[in-house]
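Bear in mind that the values here come from a model prediction, so they are computed numbers and not experimental data. When reading the values below, keep in mind they use all heavy atoms of this one structure, side chains included, and skip hydrogens, waters and symmetry mates.
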Amino acid sequence: MTVIDADALTARAKELFAHEHARLLEGTPRSKALFERASASMPLGVASSFQAGSPYPIYLERGRGAEVWDVDGTSYIDFHNGFGTMAVGHAHPKILEALARTAARGTHFAVTTEPAVLLAEELCRRFQLDLVRFTNSGTEATMDAIRVARGVTGRDVVCKIEGSYHGHHDTVMFSVVPGESVLEHEEITNATPMSRGIPVELAKWTLAVPFNDLAAVESLFSQRAGEIACLIIEPVMMNIGIVMPADGYLRGLRELCTRHGVVLIFDEVKCGATIAEGGAIERFGVQPDLACFAKAIGGGLPLGAFGGRGELMGEIGHGIAQQGTFNGNPLAAAAGLAALTEILTPDAYVHLSSIGSRLASGCERAITAAGLPAHVIDLGCKGCVSYRSAPLTDYRDFLETNADLFDASWAWLVNRGIFMTPGNEEQWTLSVQHDDDDIDRFVEVFGGFCAAVSGSSA
Ligand SMILES: Cc1ncc(COP(=O)(O)O)c(C=O)c1O
């Protein structure tokens, strides 16, 4: 395998990005026009800052199956899939049917309806939860789970993982993108908030430890367990590419939390219902005290949920508040129920695993042939290419990934009809409506990128 000089590769990636990005802007005049209009009514011209782009984002018009169309009429195979929400694919007939049937009977009552009850039963079955409550987003799910943990334990401190994202409520907006500052600390950090508008004093309630470092958790708990309500963690980190838990790590956390009376919360907003029917709980065989869900469980509608042990969840309504006008909305519940019981069935996971491995092995071959410093993670429905030779163990490793290579690959893929999440912290999401041809097209285009950036195609 050829070893490419790192500086030369970065220079080539920057050059390629400049060329591809200019081409992308040329091909998206209607997105530009919509951006200009949208900027007069919304900051950055978008509904959420995660949807912003530089100098403007691509605005989509519609989607069907594995395909989406932008406002310029260009079609793409969708590997972005709503940041991991659309495991069912776009406009799935069963989702459309559930929505039409439900909408015809009224769209909202703020009273619990039968679909919400059936969906609660399905979530309890899949994820082995005693009780569950609904929210409208992943942010609300993690906020409410932390509320329950604090309420039950009577403790205030929250332990999270360095460089992890759990939504945009104040408690978890520390150590989200800490950058090089983490390298100044041995292990336990509490950092500046990710946003202005969050009181800096709140930092004292949120402590962060590196992922995959049991010793850091052990030492923190032995000093301060009496103050710590919960440890909230993505069992597989999915906001810095994908970082797998080391063998025994999750089990070790389970034991430490049990020993110190700390509530273990799994944030399965991205991995629940994607990486296995029963999410990370099933895949890694470790049961948390509470777990949080959103994205794929709603079949494309805004739906979140959290749940877990009866002794904890049963305190809701007995001194612990959890509520919301739209919680359990019939449309969201009907879409979630159709997604989980009619579409994301055991067969679907066999399909997702097969196309996921086809995509990962195709990318791996292209990387090896070009001699690029990159690796691939395959979790079936979810996967990614990270531009660092060795897999990541934590956020500190993520700082070593080559963002220029990612940016160049992103623009190259989009220009050739592969719609991907912008930003090397994200990953692809496959849907039940993707087939081998969609995967092979990605591999072909990605192979072209690897050859071009490494100079092996010249
Ligand atoms: C792991 C994780 N938790 C929580 C959230 C917040 O979910 P939402 O955007 O639905 O509020 C996200 C969003 O990307 C996430 O990735």
Side-chain angles (χ1 to χ4, degrees), residues 82 84-145 147-148 266 268-269 272-274 276-279 281-282 287 290-318 320-349 431-433:
T85 297
M86 301 310 298
V88 295
H90 299 290
H92 193 291
K94 289 198 157 80
I95 298 287
L96 299 186
E97 195 274 320
L99 289 177
R101 179 173 18 94
T102 308
R105 297 157 62 102
T107 56
H108 191 63
F109 312 104
V111 167
T112 302
T113 55
E114 194 175 54
V117 177
L118 300 183
L119 181 57
E121 288 171 1
E122 169 61 9
L123 291 169
C124 288
R125 182 197 71 78
R126 269 193 184 229
F127 301 108
Q128 302 162 57
L129 315 170
D130 297 333
L131 293 169
V132 73
R133 266 285 175 93
F134 291 109
T135 66
N136 305 290
S137 66
T139 295
E140 289 175 51
T142 63
M143 180 177 76
D144 289 354
R147 163 90 48 79
V148 168
F266 277 2
E268 295 228 22
V269 165
T274 55
E277 183 184 355
I281 293 174
E282 176 189 322
Q287 193 69 29
L290 297 174
C292 308
F293 306 93
K295 298 195 193 272
I297 64 158
L301 273 278
L303 178 79
F306 72 103
R309 282 173 45 212
E311 308 97 275
L312 307 183
M313 292 297 291
E315 293 296 309
I316 291 173
H318 301 283
I320 296 180
Q322 197 277 333
Q323 54 247 353
T325 301
F326 283 106
N327 291 6
N329 167 267
L331 284 181
L337 189 62
L340 296 189
T341 61
E342 298 180 51
I343 305 170
L344 297 172
T345 53
D347 284 359
Y349 293 96
S431 86
V432 295
Q433 301 194 67

>> Tell me whether the count of non-hydrogen atoms from other residues, nucleotides or ligands lying under 6.0 Å of CD in Glu114 goes above 12.
In response: no

> Checking side chain to side chain contact (heavy atoms under 4.5 Å, CB included) for the pair Glu268/Ile297: CA distance, chi angles, key distance, verdict?
Replying inline: CA-CA 10 Å; Glu268 295 228 22; Ile297 64 158; over 6 Å; no

>> Between Arg101 and Glu97, does any NZ, NE, NH1 or NH2 come within less than 4.0 Å of an OD or OE carboxylate oxygen?
In response: yes

> Between Glu277 and Arg125, does at least one N-O distance fall below 4.0 Å, as a salt bridge requires?
Replying inline: yes

Please find the pair of heavy atoms, one from [X] and one from [Y], that lie closest to each other, and give the distance.
{"X": "Gly299", "Y": "Met86", "answer": "O-CE, 4.3 Å"}
{"X": "Ala334", "Y": "Thr102", "answer": "CB-OG1, 3.2 Å"}
{"X": "Gly328", "Y": "Ala116", "answer": "O-CB, 4.0 Å"}
{"X": "Ala291", "Y": "Ile281", "answer": "CB-CD1, 4.2 Å"}
{"X": "Ser137", "Y": "Ala294", "answer": "C-CB, 4.0 Å"}
{"X": "Ala305", "Y": "Ala141", "answer": "O-CB, 3.4 Å"}

Is there a side-chain contact between [X] and [Y] in this structure, where contact means two heavy atoms from C-beta onward sitting under 4.5 Å apart?
{"X": "Leu99", "Y": "Leu301", "result": "yes"}
{"X": "Gln322", "Y": "Thr135", "result": "yes"}
{"X": "His108", "Y": "Pro330", "result": "yes"}
{"X": "Phe134", "Y": "Leu119", "result": "yes"}
{"X": "Phe306", "Y": "Val148", "result": "yes"}
{"X": "Asp144", "Y": "Arg133", "result": "no"}
{"X": "Asn327", "Y": "Asn136", "result": "yes"}

[X] side, atom [atom1]; [Y] side, atom [atom2] - distance, nearest 0.5 Å:
{"X": "Glu122", "Y": "Leu344", "atom1": "CD", "atom2": "CG", "value": "10.0 Å"}
{"X": "Phe266", "Y": "Leu290", "atom1": "CZ", "atom2": "CG", "value": "11.5 Å"}
{"X": "Leu337", "Y": "Lys94", "atom1": "CG", "atom2": "NZ", "value": "12.5 Å"}
{"X": "Leu331", "Y": "Leu303", "atom1": "CG", "atom2": "CG", "value": "11.5 Å"}

>> Applying side chain to side chain contact (heavy atoms under 4.5 Å, CB included) to Thr274 and Lys295, what does each step give before you reach the verdict?
In response: CA-CA 10 Å; Thr274 55; Lys295 298 195 193 272; over 6 Å; no

>> With side chain to side chain contact (heavy atoms under 4.5 Å, CB included) as the criterion, how do Leu340 and Leu123 come out once you've worked through the C-alpha distance, each side chain's angles and the decisive distance to 0.1 Å?
In response: CA-CA 9 Å; Leu340 296 189; Leu123 291 169; 3.7 Å; yes

> Given Leu129 and Met313, is the side chain to side chain contact (heavy atoms under 4.5 Å, CB included) satisfied, shown in steps?
Replying inline: CA-CA 10 Å; Leu129 315 170; Met313 292 297 291; over 6 Å; no

> Are the side chain of Gln287 and the backbone of Gln128 linked by a donor-acceptor contact shorter than 3.5 Å?
Replying inline: yes

